[in-house]
Amino acid sequence: MSGEPFVEFAGAGFRVAGGQAILRGLSLAVAEGETIAMIGRSGSGKTTALKLVNALLVPTDGEVRVGGRATTAWDPIRLRRRTGYVIQEVGLFPHLSIGRNVGLVPELEGWPAEKIRARVDELLELVGLPAADFAGRYPHQLSGGQRQRVGVARALAADPPLVLLDEPFGALDPITRTELQREFRDLQARLRKTAIFVTHDMREAARVADRIALMGGGQLIALGTSAELAAHTDPEVRAFLEAGAA
Amino acid sequence: MSPDLLREIATETGRHVVLVAISIGIATAIGVPLGIFLTRRPAWSRPVLGLVGVIQTIPSLALFGFLIPVPAIGGIGTRTALVALTFYGLLPVVRNTVTGIAGVDPAIREAGRGMGMTDRQLLVRVELPLAASVILAGVRVATVVGIGVATIAAAIGAGGLGVFIFRGVAMVDNRMILAGALPAALLAVGADLTIGAVERALRPPR
């Protein structure tokens, strides 16, 4: 957790066409190699904030900088190819094998076939799904937890410096979920990617992240390590802590 | 049945198949890109689908009749029949292309965009493969309907199995009517089964 911020929200806001603000004045710096959890209720603006980072949405106020450059100055395709993205619904392509799903971004980037294959094998190994067994299978032949592992492997395929995760483990049973949280933590200890992890579960946030950003009503309410947040007196922070402890 | 009649049935069956194959080919070549365009410009979707739908409601004999006096595409013969059959094939193909692409899971589309696919890559690598079976179902419906409508093409001199049906009606000869109707029905069933099988093979696993 050192050096320049890799992702920086600078007074970033997002307002839908009708005029309603979903996100207001978000300022937050994510250091290189740091994992930040964004936590908040549904509609708190956390997913919107995440989509501003890979330019799926463009801020209507302020800006978001990735690698020191505003997202609006990036070619969105280039930015997204350099940014891993994992969503709750996983979004694996049902008509492609696991191997081709994982190798998709390298394929789009025009890597030679041999290099893609080696990378796919390496990544599937990394998430505990040996390629010999899994590369040829299709998404519908996998369990929810396995699919989500494939989603993580796919996001890491082109070795992006930044990974965005939008409630990646939200649809899993509690045991699988805890397993994947631990695996994510172990993976991060080795890879040290800059990561933004959106969740609504305080315990999950505490397990996976270095710092936690609590969002509410489109604004940043509190920011700190889980220990720092535990000492917080803001009622929304208390509400989340108590919900997490229950 | 005389060998002459059998030979004639074979010839007209061939013409019938060619009429339908060409017109459905053109309808697909126009309908799929048009459908794709409509998914990119949803505001156009209703008016265009409405217009294409209206064509479908024109009785086939009337449509053939309307086209005869139209310059360039009209007249007596095969060309007019091809134009009319293409019009009929358009609706199922366009509608199913729109439905198929719109039916792709939004999460899958978002994952593709988030991974840095261009609109074109998303279309070619994700949306079209996932919509292929639905689009083909449209082609199947267009083909089966086209085989039926093509029997009317004989009325404007385009030939096909309708020749026997019109002849049989004029001569009050049921066997002559069947000489056209039976092969036409078999063609329709055959096309339905064949395209249906391809359709199932293309259906994405889930």
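The sequence lines fix the lettering, A, B, ..., with proteins before strands; numbering per chain opens at 1. Note: hydrogens, waters and symmetry copies are ignored here, and every other heavy atom, side chains too, is used. Note that this is a predicted model, so its numbers are computed, not measured.
The shortest distance between side-chain heavy atoms of A/Glu89 and B/Ile108 does not fall below 4.5 Å.
When all heavy atoms are compared, the tightest approach of B/Ala111 to A/Gly91 is CB-O, 3.5 Å.
In this structure, no portion of A/Leu96 lies under 4.5 Å from any heavy atom of chain B. For chain B, the nearby part of A/Arg154 is the side chain; its heavy atoms alone come within less than 4.5 Å. At a 4.5 Å heavy-atom cutoff, A/Val86 makes no contact with chain B through either its backbone or its side chain. If you measure heavy-atom distances from A/Ile87 to chain B, the contacts under 4.5 Å come from the side chain alone.
Counted within 6.0 Å of CZ on A/Arg117, heavy atoms from surrounding residues, nucleotides or ligands total 12 or fewer; the atom is thus considered open. Atom CZ of B/Arg175 has 12 or fewer neighbouring heavy atoms from other residues, nucleotides or ligands inside a 6.0 Å radius. Within a 6.0 Å radius of CZ in A/Arg41, other residues, nucleotides and ligands contribute 12 heavy atoms or fewer. Shown here is B/Phe87, whose CZ atom has no more than 12 heavy atoms of other residues, nucleotides or ligands within 6.0 Å.
Side-chain atoms of A/His95 do not come within 3.5 Å of backbone N or O of B/Leu202 as any donor-acceptor pair.
Contact count versus chain B (heavy atoms, under 4.5 Å) is highest, among A/Arg78, A/Lys51, A/Gln88, A/Arg80, for A/Arg80. When B/Met117, B/Arg203, B/Arg109, B/Glu110 are compared by the number of non-hydrogen pairs under 4.5 Å with chain A, B/Glu110 comes out ahead. For the set A/Asn54, A/Val105, A/Leu108, the entry with the most heavy-atom pairs within less than 4.5 Å of chain B is A/Leu108.
How far CE of B/Met115 is from CG of A/Asn101: 7.0 Å, rounded to the nearest 0.5 Å. Rounding to the nearest 0.5 Å gives a distance of 4.5 Å between CD of A/Glu107 and CZ of B/Arg125.
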